[in-house]
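Contents: one structure, followed by commentary.
This one's a predicted model, so the numbers in the text were calculated from it and none came from an experiment.
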Amino acid sequence: ELRKIWQPASTVIKWSDVRKGWPEEKIKLYGPGAASGTFDYFTKVINGEEGASRTEYTASEDDNTLVTGIAGDKNSLGYFGFAYYVENKDKLKIVPVISEGKPIIPSVKTIKNGTYKPLSRPVFIYVNKKSLEKKEVDTFVTFYLDNAPSLVAEVGYIPFSDDLYTLIKDRHINRKTGAVFSGAKTGMTVEQILNEAK
């Protein structure tokens with residue numbers, strides 16, 4: 001149903017176009033602009049191709065604009081980062097997705113344990129291996145990894161587990177680089193992928 005709504009050249013205009021029996025009301029759509037990582041990820045997992053999206057929706061790089069638009073229209077639907085939902089849960093209604101036959105809502109628990117799929121994603125920093133030879137870069141990355149659980153939570157994102165941060169720190173210390181996610185099987189957790197890449 002999300003694909004039906006968001007695919008390029010979608011013909012969905014009203015809720016009843018999505019599912020028989022739903023209201024004959026026009027859907028007002030909101031989502032991130034094309035420069036957003038959330039846009040790239042959402043379009044890839046929902047429409048099968050990064051950047052593939054209908055164009056008739058209110059797009060904004062400012063998630064607060066999206067929150068205001070969605071909150072102001074009872075027939076609206078939108079997507080953005082979980083942190084903005086948490087900050088505005090008194091104004092918004094969350095919609096579960098069906099994952100493995102069950103409705104799953106995004107929460108700290110379902111995002112952390114990987115059950116809110118395919119709509120949860122890890123966010124990483126990437127460092128050029130040559131740059132790591134510079135003491136200040138290495139010091140920054142070490143500081144970031146040592147403090148990531150509190151820094152990540154502070155901006156409303158969900159930190160990895162302590163075990164996962166240990167795996168990531170080991171990769172940094174041992175200068176293991178490379179995109180381990182490009183060949184990963186669908187449904188694997190970040191921890192499983194990094195353990196397999198050891």
Would you sort out whether Leu77 and Ile70 count as a side chain to side chain contact (heavy atoms under 4.5 Å, CB included), showing the intermediate values?
CA-CA 6 Å; Leu77 176 73; Ile70 295 165; over 6 Å; no
Run the side-chain hydrogen bond (donor to acceptor under 3.5 Å, both in side chains) check on Thr65 and Thr68 step by step: do they pass?
CA-CA 5 Å; Thr65 299; Thr68 301; over 6 Å; no
Stepwise, does the side chain to side chain contact (heavy atoms under 4.5 Å, CB included) test hold for Lys117 with Thr110?
CA-CA 9 Å; Lys117 59 184 175 188; Thr110 61; over 6 Å; no
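Looking at Trp22, its side chain never comes within 3.5 Å of a backbone N or O of Asp17 through a donor-acceptor pair. A donor-acceptor pair is defined here as one N or O able to donate and one able to accept, closer than 3.5 Å; such a pair exists between the side chain of Thr166 and the backbone of Asp162. At distances below 3.5 Å, at least one donor-acceptor pair connects side-chain atoms of Asn47 with backbone N or O atoms of Ala52.
Ring pair Tyr84/Phe80 is perpendicular by interplanar angle, where above 60° counts as perpendicular and below 30° as parallel.
In this model, no donor atom of one side chain and acceptor atom of the other lie less than 3.5 Å apart for Ser10 and Arg3. Under the 3.5 Å distance criterion, with hydrogens and angles disregarded, no donor-acceptor pair is assigned to the side chains of Thr139 and Thr142.
In this structure, Lys134 does not pair ionically with Glu136, as no charged nitrogen and carboxylate oxygen lie closer than 4.0 Å. Electrostatic pairing of Glu25 and Lys14 does not count as a salt bridge here, judged by no charged N lying under 4.0 Å from a carboxylate O. One finds no salt bridge joining Asp170 and Lys176 here, because no Lys/Arg side-chain nitrogen approaches an Asp/Glu carboxylate oxygen to under 4.0 Å. Ion pairing of Asp138 with Arg175 is present here, as a side-chain N (NZ or NE/NH1/NH2) and a carboxylate O approach within less than 4.0 Å.
Separation of atoms CD1 (Ile168) and CG (Asp163) is listed at 11.0 Å; rounding is to 0.5 Å. Here the straight-line distance linking atom OG1 of Thr55 with atom CG of Leu29 works out to 11.0 Å at 0.5 Å rounding. Separation of atoms CZ (Arg19) and CD1 (Ile5) is listed at 10.0 Å; rounding is to 0.5 Å. Distance NZ/Lys169 to CG/Asn174: 14.0 Å, rounded to 0.5 Å. In this structure, OG1 in Thr43 is found 14.5 Å from CZ in Arg54, a value given to the nearest 0.5 Å. If you take CD1 on Ile13 and CD on Glu24, they are separated by 11.5 Å, rounding to the nearest 0.5 Å.
In this structure, Pro118 and Tyr41 approach most closely via the heavy-atom pair O-OH, 2.7 Å. Val137 and Ser131 make their closest contact through CB-O, 3.3 Å (heavy atoms, listed as atom of the first residue, atom of the second, distance). Thr115 and Ser99 make their closest contact through O-OG, 3.5 Å (heavy atoms, listed as atom of the first residue, atom of the second, distance). A pairwise comparison of heavy atoms in Val152 and Tyr144 identifies CG2-OH, 4.3 Å as the closest pair. In terms of heavy-atom proximity, His172 sits nearest to Leu132 at CE1-CD2, 3.5 Å. For the residue pair Pro159 and Ala153, the shortest heavy atom distance occurs at CG-CB, 4.2 Å.
Tyr57 and Leu119 fall within the same hydrophobic cluster, defined by Ile, Leu, Val, Met, Phe, Trp and Tyr side-chain heavy atoms under 4.5 Å apart, directly or through other members. Note on Tyr30 and Val12: same hydrophobic cluster, where clusters join Ile, Leu, Val, Met, Phe, Trp and Tyr whose side-chain heavy atoms are under 4.5 Å apart, directly or indirectly. Following chains of ILVMFWY side-chain contacts shorter than 4.5 Å, one cannot reach Val123 starting from Tyr85, and the two form parts of different hydrophobic clusters. Transitive grouping of hydrophobic side chains (ILVMFWY, heavy atoms separated by less than 4.5 Å) brings Ile125 and Leu164 into a common cluster. Phe124 and Val127 fall within the same hydrophobic cluster, where Ile, Leu, Val, Met, Phe, Trp and Tyr residues are linked whenever their side-chain heavy atoms come under 4.5 Å apart, directly or through other members.
The neighbour count for Tyr157 OH, taken as heavy atoms of other residues, nucleotides or ligands under 6.0 Å away, does not exceed 12. For NZ of Lys112, the number of neighbouring non-hydrogen atoms (other residues, nucleotides, ligands) closer than 6.0 Å is greater than 12.
Applying the ring pair (Phe, Tyr, Trp, His ring centres under 6.0 Å) test to Tyr165 and every residue at least two apart in sequence or in another chain returns Phe160. Under the rule for a ring pair (Phe, Tyr, Trp, His ring centres under 6.0 Å), the partners of Phe42 that lie at least two apart in sequence or sit in another chain are Trp6, Tyr79.
Residues Glu49 and Lys44 form no side-chain contact, since every pair of their non-hydrogen atoms from C-beta on lies 4.5 Å or further apart. Leu151 is not listed as a side-chain neighbour of Val155, based on a closest heavy-atom distance of 4.5 Å or more. Inter-residue side-chain proximity for Ile105 and Tyr116 is flagged as unmet; no heavy-atom pair is nearer than 4.5 Å.
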Using distance only, find each side-chain donor-acceptor pair of residues 89-96 under 3.5 Å and give its atom names and separation, not counting sequence neighbours.
{"unit_1": "Lys91", "atom_1": "NZ", "unit_2": "Asn88", "atom_2": "OD1", "d": "3.3"}

